[in-house]
Asks: 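This is the structure I have questions about; it appears just below.
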Amino acid sequence: MAAPLGGMFSGQPPGPQPPPPGLPGQASLLQAAPGAPRTSNITLVDELESSFEACFASLVSQDYVNGTDQEEIRTGVDQCIQKFLDIARQTECFFLQKRLQLSVQKPEQVIKEDVSELRNELQRKDALVQKHLTKLRHWQQVLDDINVQHKKPADLPQGSLAYLEQASANIPAPLKQN
């Protein structure tokens, strides 16, 4: 299932590619996508960037703002967006294939990344648990303070209104949530 990427992004036939200078063992995005104009300096990432810029430009273009034919404007914008989506899919496919190659060639690297992600998730969840425990302790203290007040009815002023005023005065204000 892991096919070589030699012909995927260039005019070369499928087969192993020599690695680019400075990045031994890793292929790059130095060739344009199929069907795209091929120049020696255009990469798939460059095409993705230029298609995104074209989408943005088509939305703010003065021609489209002053244009009266809404269908023409819609068609132009749709074409730009479709081109961007096509190049984005090609880029995603490239990286997915590289990920597949990595998992076949170096499965221990994938396992290390998974372990690292799981550790990060555990740390995040531990911090969340600690945050909730802190809130729980705070509200337990509030409840304990209220219960202590209920156990000392002799110290409280007479009358139900005075009792409510005394009880509400001892309740701390809620903490601000960030």
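Model, not experiment: these values are computed from the prediction.
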Asks: Indicate the atoms forming the closest heavy-atom contact of Cys55 with Cys80, along with that distance.
Replies: SG-O, 3.2 Å
Asks: Could you pull out all residues at least two apart from Phe52 that satisfy ring-ring contact (aromatic ring centres under 6.0 Å, His included)?
Replies: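 Partners of Phe52 under the ring-ring contact (aromatic ring centres under 6.0 Å, His included) test: Phe84.
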Asks: Holding to side-chain contact (heavy atoms from CB on, under 4.5 Å), I want the full list of residues that pass it with Glu53, two or more places apart in sequence or in another chain.
Replies: Glu49
Asks: Could you list all the salt bridge (charged side-chain N to carboxylate O under 4.0 Å, His left out) pairs where at least one residue sits in residues 81-90, not counting sequence neighbours?
Replies: Asp86-Arg89
Asks: Just jot down the side-chain contact (heavy atoms from CB on, under 4.5 Å) partners of Asp126, sequence neighbours excluded, or say none.
Replies: none
Asks: Excluding sequence neighbours, so at least two apart, what forms side chain to side chain donor-acceptor pair (under 3.5 Å) with Gln140?
Replies: none
Asks: Judged by atom type as modelled, is there a donor-acceptor pair below 3.5 Å linking the side chain of Thr91 to the main-chain atoms of Ile87?
Replies: yes
Asks: Are Phe95 and Val110 connected in the hydrophobic side-chain network, where two residues link if heavy atoms are under 4.5 Å apart?
Replies: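 No, it is not one cluster - the side chains of Phe95 and Val110 are not joined through contacts under 4.5 Å.
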Asks: Sequence neighbours excluded, which residues qualify as side chain to side chain donor-acceptor pair (under 3.5 Å) partners of Gln109?
Replies: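 So Gln109 forms no side chain to side chain donor-acceptor pair (under 3.5 Å) with any residue.
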Asks: With clusters defined by side-chain heavy atoms of hydrophobic residues (ILVMFWY) lying less than 4.5 Å apart, directly or transitively, does Ile146 cluster with Trp139?
Replies: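 Yes; Ile146 is reachable from Trp139 via cluster members.
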Asks: Atom NE2 in His138, atom CG in Leu143: separation rounded to 0.5 Å?
Replies: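 Output value for this atom pair is 9.5 Å.
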Asks: Using side-chain contact (heavy atoms from CB on, under 4.5 Å) as the criterion, list what pairs up with Ile111, not counting sequence neighbours.
Replies: Val115
Asks: Apply salt bridge (charged side-chain N to carboxylate O under 4.0 Å, His left out) to Glu121 and list each qualifying residue two or more places apart in sequence or on a separate chain.
Replies: Lys125
Asks: Residues two or more places apart in sequence or in another chain: which of them pass salt bridge (charged side-chain N to carboxylate O under 4.0 Å, His left out) with Glu113?
Replies: Arg99
Asks: Give the intermediate values and the outcome of side-chain contact (heavy atoms from CB on, under 4.5 Å) for residues Gln79 and Thr75.
Replies: CA-CA 6 Å; Gln79 287 175 348; Thr75 302; 3.9 Å; yes
Asks: Going from CG on Leu48 to CZ on Phe94, what distance comes out if it is rounded to the nearest 0.5 angstrom?
Replies: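 Atom-to-atom, Leu48:CG and Phe94:CZ are 13.0 Å apart.
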Asks: List the residues meeting side-chain contact (heavy atoms from CB on, under 4.5 Å) with Glu117, not counting sequence neighbours, and say none if there are none.
Replies: Asp114
Asks: Could you give all pairs that pass the ring-ring contact (aromatic ring centres under 6.0 Å, His included) test and reach residues 99-137, with sequence neighbours left out?
Replies: none
Asks: Out of curiosity, Leu102 CG to Glu108 CD, how far, rounded to the nearest 0.5 Å?
Replies: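 Between Leu102 CG and Glu108 CD, I get 8.5 Å after rounding to 0.5 Å.
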